[in-house]
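One structure is given below, encoded as structure tokens.
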2 protein chains.
Amino acid sequence: MPAKRERAQETRRRIIEQAARAIRAEGIERVGVGELMGRLGLTHGGFYAHFSSKEALAAEAIAAALAEQCEHLLAASEAGPAALVDVYLSRAHRDQPEQGCPLPAVAPEVVHGSEQLRHAFTEALRGYAARLAGRLPGEDPAAREETALALLSGMCGALLISRAVDDSALADRILSAARAAWHRLLAQPIGVQSSTRTPSGSET
Amino acid sequence: MPAKRERAQETRRRIIEQAARAIRAEGIERVGVGELMGRLGLTHGGFYAHFSSKEALAAEAIAAALAEQCEHLLAASEAGPAALVDVYLSRAHRDQPEQGCPLPAVAPEVVHGSEQLRHAFTEALRGYAARLAGRLPGEDPAAREETALALLSGMCGALLISRAVDDSALADRILSAARAAWHRLLAQPIGVQSSTRTPSGSET
DNA sequence: CTCCTCATATGATCATCATCATATGATCAC
DNA sequence: GTGATCATATGATGATGATCATATGAGGAG
């Protein structure tokens, strides 16, 4: 009975895909199981044939969204780290959360989530930062990874606040200010802590 | 009948104060009206004598929390902008969200909140950034305000991700990496956009 | 052709929660 | 002291939503 099983797997995949979009746009808690299934032309009942709980789905959806966003950023960063910043902190990214980075939408909910959810989030983030680090300037791989963590979390915050704000002019200023800051920072690699080393590498 | 009215005003104040703490620790949606009143030794019924809705309370509580945190940061920044960064991105701040900055906890919920809530948030944030800007290095007031926006949103993101993560070592790395990044940035003022001006001022 | 299996649907159930309607009981005016 | 007033309490109500129990119906096996 391969046909049936394939169909089920395909449904499962579609649920994750849809959840990955919905969660980024609305957050985990605001997306109901029934609503999610409804968007796929299904009903709520079948959900638990695929996932043990809503949180289990959330964990998979977050990982999927992070991986997708990571690919997107890696592609953008082929033009250099400045391009990466510009893509992340763009108005397009701010205004299309369902296609973008899941961090701003889900991080606050992960804080209060189950152990399982937090672990899935952590591992996905680790991979995200590690891959991004390869695109950053600097010689020391450890320092590049620190930079990646600071950059990701920092840009995530700017995007989040920019989305929360009422006034579009202020929202734009937040984005452009953050872009300027990170452009500066990436122009020279960051040493660990406050120890200032001899700066060396510059662009990719 | 002043005694009665004073009592009611005092109760109202206590509700806001308690909400400001609870919201920072758990987010708006996770804090129920009944639970909140219960923590004050009251019951849920009287709530609507003080506030027209839960969101109205949230708007006031967020503004109160932002103002409180602003005072705290201003005090810390008397030792210079680096101290401000160190206080915000400290483990203590990460581990005591109910006493700290409301941005990481509430921003994601504000994004999907009512117009009223978003507006209250925006105005409070504007004041927060403006006051902080006074403590930042640089000659141009406009540029200092840009820096304040980038700094606030960026640090908020680092704190948020640090709280979400499972692994305390990784959480600490996020904080220290962000500290290093912002120390660097504040060592020289940021120009607007990517236009590079002649850097001038340095520390406080 | 008939039965079985499994993916999905239908229809509870149970909990949580914001909100409102009404009751109570203390404080204040007279 | 006695009645009015208002802050707070008690007790619905209605909505939402996760989860589960059971039904259905289309494949595939014999």
Side-chain angles (χ1 to χ4, degrees), chain A residues 1-19 22-23 25-62 105-106 109-110 112-117 120, chain B residues 1-20 22-23 25-62 106 109-110 112-117 120:
Chain A
M1 58 196 77
K4 260 185 168 176
R5 206 161 202 110
E6 267 176 38
R7 233 165 205 282
Q9 287 302 311
E10 178 60 21
T11 299
R12 184 189 154 90
R13 197 171 308 140
R14 288 202 309 149
I15 294 174
I16 293 174
E17 184 189 342
Q18 184 70 31
I23 278 177
E26 307 173 39
I28 298 170
E29 297 182 353
R30 306 182 83 86
V31 176
V33 170
E35 190 195 338
L36 186 67
M37 297 293 278
R39 286 188 206 168
L40 293 169
L42 302 175
T43 61
H44 61 280
F47 178 82
Y48 291 89
H50 295 286
F51 302 94
S52 64
S53 72
K54 187 186 166 185
E55 270 210 336
L57 165 65
E60 290 205 49
I62 289 174
V106 307
E109 305 192 62
V110 169
H112 302 105
S114 70
E115 201 40 67
Q116 176 196 26
L117 184 62
Chain B
M1 61 199 76
K4 258 185 168 178
R5 204 157 203 114
E6 268 177 37
R7 231 164 207 281
Q9 287 303 311
E10 177 59 21
T11 300
R12 185 189 153 90
R13 198 170 306 140
R14 288 202 310 150
I15 294 173
I16 293 175
E17 184 189 342
Q18 184 71 30
I23 277 178
E26 305 173 40
I28 298 170
E29 297 183 353
R30 306 182 84 87
V31 176
V33 170
E35 189 194 339
L36 186 66
M37 297 293 278
R39 286 190 205 167
L40 293 169
L42 302 174
T43 61
H44 61 281
F47 178 81
Y48 291 89
H50 295 285
F51 302 95
S52 64
S53 72
K54 186 186 167 185
E55 270 210 338
L57 166 65
E60 290 205 48
I62 288 173
V106 307
E109 304 191 62
V110 169
H112 302 104
S114 70
E115 202 40 68
Q116 177 196 27
L117 184 62

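To find a chain, count down the sequence lines: A is the first, B the second, and so on, and within it residues start at 1.
Counting to the nearest Å, the C1' atom of D/dT8 and the CE atom of B/Met37 are 8 Å from each other. One atom, CD of A/Glu35, and another, C1' of D/dG17, lie 11 Å apart when rounded to the nearest Å. B/Arg7 places its CZ atom 16 Å from the P atom of C/dG25, with the value rounded to the nearest Å. In this structure, the CZ atom of B/Phe51 is 15 Å from the P atom of C/dC20, given to the nearest Å. Across the protein-nucleic acid pair, B/Glu29 atom CD and D/dT16 atom P stand 15 Å apart, rounded to whole Å. Between the CD atom of A/Glu55 and the C1' atom of D/dA18 there is a distance of 12 Å, rounded to whole Å. Per the geometry, CG belonging to A/Leu57 stands 16 Å off P belonging to D/dG17, to the nearest Å. A straight line from CD1 of A/Ile28 to P of D/dG17 spans 15 Å, rounded to a whole angstrom.
B/Glu29 is linked by a side-chain contact (heavy atoms from CB on, under 4.5 Å) to A/Glu29, A/Arg30, B/Glu109, counting only residues two or more places apart in sequence or in another chain. In terms of the side-chain contact (heavy atoms from CB on, under 4.5 Å) criterion, residue partners of B/Arg13 (sequence neighbours excluded) are, by chain and number, B/Gln9, B/Glu10. Not counting sequence neighbours, the partners of B/Glu55 by the side-chain contact (heavy atoms from CB on, under 4.5 Å) test are B/Ser53, B/Ser114, B/Leu117. With sequence neighbours left out, A/Glu35 forms a side-chain hydrogen bond (donor to acceptor under 3.5 Å, both in side chains) with A/Arg39. B/Ala25 pairs by the side-chain contact (heavy atoms from CB on, under 4.5 Å) definition with B/Glu98, not counting sequence neighbours.
Contacts between residues 41-50 of chain A and DNA chain C, defined by a heavy-atom separation below 4.0 Å, involve A/Gly41, A/Leu42, A/Thr43, A/His44, A/Gly45, A/Gly46, A/Ala49, A/His50, listed by number.
Nearest heavy-atom pair, B/Leu36 versus B/Gln18, reported as atom, atom and distance to 0.1 Å: CD1-CG, 3.6 Å.
Remark: B/Thr11 is not in phosphate contact with D/dA7, judged by side-chain N or O atoms under 4.0 Å from OP1 or OP2.
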